[in-house]
There are 2 protein chains.
Amino acid sequence: MKPTVHDIAVHAGVSLATVDRVLNNRPGVRHETRAKVDAAVAALGFVRDMAAANLAKGRVYPLTFILPSNDNSFMRGLAAAVGDAIARAAVERLAIRIIEVPAFDPQALVAALREAGREKPAGIALVAVDAPEVRAVVDELVEAGIPVVTLVSDLPGSKRQHYAGIDNIAAGRTAASLMGRFLGREPGSVAVLAGSLVVRDHRERFEGFRAVMAAEFGHLHLLPVLEGRDDPATAERVLREALAAHADIAGIYSLGAGNRGLVRLLKEVRRDRRPAVIAHELTGTTRAALTDGLIDAVLNQDAGHEVRSAIRVLKASADGQSVVEAQERIRLDIFLRDNLP
Amino acid sequence: MKPTVHDIAVHAGVSLATVDRVLNNRPGVRHETRAKVDAAVAALGFVRDMAAANLAKGRVYPLTFILPSNDNSFMRGLAAAVGDAIARAAVERLAIRIIEVPAFDPQALVAALREAGREKPAGIALVAVDAPEVRAVVDELVEAGIPVVTLVSDLPGSKRQHYAGIDNIAAGRTAASLMGRFLGREPGSVAVLAGSLVVRDHRERFEGFRAVMAAEFGHLHLLPVLEGRDDPATAERVLREALAAHADIAGIYSLGAGNRGLVRLLKEVRRDRRPAVIAHELTGTTRAALTDGLIDAVLNQDAGHEVRSAIRVLKASADGQSVVEAQERIRLDIFLRDNLP
DNA sequence: CTGTTAGCGCTTTCAG
DNA sequence: CTGAAAGCGCTAACAG
């Protein structure tokens, strides 16, 4: 039978209360007593029953999610995933609160983090904006003992516990490999449509894409990055101009959002002259385009998985437990017409 | 505050014991009483605290995994994943038992299922062999109230609760799409290396592959399937013969195991004459070959995810709970050199 | 058929 | 600094 606190108490010759104090590193226990308990724990191979502990404590995990109020399909999906988590909140002892902040606004994010921190939640998840002041507050929070994880967009160099998102450099490299393979040996130009290169994910994707294109597919010419601001209309306009200016565009890599504009444009292109197209995020638009043969591949991150992972990590971190590493690695999904979920 | 059994008891004007009886559909409660309790549950929005219930019951979930004693990398990985689960068994209230059976042997599998069933576990997971007698025992077990899930290889038409594995037809289709794209417009032959077409996964992958090749890439010629018996030496031999017989082989789809033989052979081929190669399962061999540029893409299923999913589903099924559907869909991973984990 | 009572393993007052 | 006792939400005998 698995040993319980009771067994530990007997073995160590102390009371339950003392065992509990030691187990939870609470003050008010003599060094020697502590040692006796530790010895008993080791001797009996005791592992705490977290479920019972949580029951006794009536513990709930107040978690705060800070999400950009960006209105694109992906962010809506992310918000929906958090909503799903809220639906399961009762049974998982969660109390999830969402704070919305304007996108790409470091100041707003800092303010939101401060606000979140004041309520001393069991953990905070945020879609990071890569700015020094954000890094500073995150570090403060972590040092104050509040676990923080970044979601979708990371904050490297900060003290955040974990990043629940894909490797964007690998995503860009993968896109380049696929593009190169799809285009074959004939020369041509490749256009890249980003939201904005001031955003870290987009910059990293481009970086990875550029690197592999240069190293492996020298016969393809990479055009200057087009910035579509994640906005369908803008994306359509800049792409239309690019297509007009460069007759030899054989491929398009859309690494940001706003793919509705891209797809509208693609529909106008004669089927046999359509470029190879790789886009990000499986949404209604990209899924339909994939099915219709307008887009050739979609690189995706699973928002549901990211949110569940963030929650698992925050919970575990809140009570000093470890996680199944492999389970928390967010995968880059590659969707073709044939393996749509 | 969340309502508890106590609140229900008061609201319904009955005792705790009666509430418990109703909640667990235990016999010995008058219809009217039952209705009162149900009403109270609905009125107060009561949700049972499974953690507390499990604590009171001292519940553990004895689960039985029936795995083939096949010695290939993938099956070893699967066994390792079950091993990881066993390591976490204590904290998750699991008692996992593994039964090994000879691969592809319906009789042995039937015997193992019978044996597993006699111990009345909380659930059974098996790598199915697609045979009527297996289907029959599985159905018996399910009807006897033991949840059953198939792992990696499904048993369609049976009463199994769930299939924790990839869609193999989609996998084959995806392989074909990639192959077609990789090869471009020039004609050529494509070889398919299977373990054996009597195995359902392999048959389905081939089916999907063939369908897309025929529909989309008519200029490519699909050679008759080679059966390598998931054995490196055999695979190497049959492939070598095929390459000798058909000088125009431009692509190889290896949809089974035994890729060590394939890779050995590929190393002999002059770099500029190397065919496009797509294989299944990310193992040491395929990973290295991917890195070295000998294999172009690897389709993979995450054994760890499959095992964790099977456990979640069995547990949930054992106590009549529902699962997060999206979380239990096993994805087909596509790995290129650039997105290796 | 229904209620009472004593736990499950851990935490938490409140006294010593 | 340490211990005794009550209780988290639920279940399981055992009586009625």
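All chains are named by letter (A, B, ...) in the order of the sequence lines, taking the proteins before the strands, and each is independently numbered beginning at 1.
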Between [X] and [Y] (salt bridge meaning N to carboxylate O under 4.0 Å), is one present in this structure?
X: B:E140; Y: B:R135; value: no
X: A:D302; Y: A:R331; value: no
X: B:D319; Y: B:R59; value: yes
X: A:D154; Y: A:R160; value: yes
X: A:R93; Y: B:D49; value: yes

Using a 4.0 Å heavy-atom cut-off across all strands, classify A:G58 as base, sugar-phosphate, or nothing.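 Contact class for A:G58: none.
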Applying a 4.0 Å non-hydrogen cut-off, can you work out what A:V14 is touching in the nucleic acid: base, sugar-phosphate, or nothing?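 Sugar-phosphate contact only - A:V14 comes under 4.0 Å of backbone atoms but never of a base.
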B:K120 and B:I146: which non-hydrogen atoms are nearest, and at how many Å?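 Scanning both residues completely, I find the closest heavy atoms to be CA-CD1, 4.2 Å.
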Nearest-Å distance, [atom1] ([X]) to [atom2] ([N])?
X: A:D319; N: C:dC10; atom1: CG; atom2: P; result: 14 Å
X: A:R21; N: C:dT12; atom1: CZ; atom2: C1'; result: 9 Å
X: A:R59; N: C:dG9; atom1: CZ; atom2: C1'; result: 17 Å

I want to check one thing: is the phosphate of D:dG3, taken as OP1 and OP2, less than 4.0 Å away from some side-chain N or O of A:T18?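 The answer is yes; a side-chain N or O of A:T18 sits under 4.0 Å from OP1 or OP2.
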Inter-axis angle, terminal five-pair segments of the helix from C:dC1-D:dG16 to C:dG16-D:dC1 [nearest 10°]: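 End-to-end axis angle: 40°.
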Close N/O contacts between protein and nucleotides 9-11 of chain D (under 3.5 Å):
unit_1: D:dG9; atom_1: N2; unit_2: B:A52; atom_2: O; d: 3.3
unit_1: D:dC10; atom_1: OP1; unit_2: B:D49; atom_2: N; d: 3.1
unit_1: D:dC10; atom_1: OP2; unit_2: B:V5; atom_2: N; d: 2.5
unit_1: D:dT11; atom_1: OP1; unit_2: B:R48; atom_2: NE; d: 2.9
unit_1: D:dT11; atom_1: OP2; unit_2: B:D20; atom_2: OD1; d: 2.3
unit_1: D:dT11; atom_1: O5'; unit_2: B:D20; atom_2: OD1; d: 3.0

Can you find a heavy atom in the side chain of B:V5 that is under 4.5 Å from one in the side chain of B:D20?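 No, every pair of side-chain atoms sits at 4.5 Å or beyond.
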Would you say that B:F65 contacts B:I311 through its side chain, given a criterion of any heavy-atom pair below 4.5 Å between the two side chains?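 B:F65 reaches B:I311 side chain to side chain.
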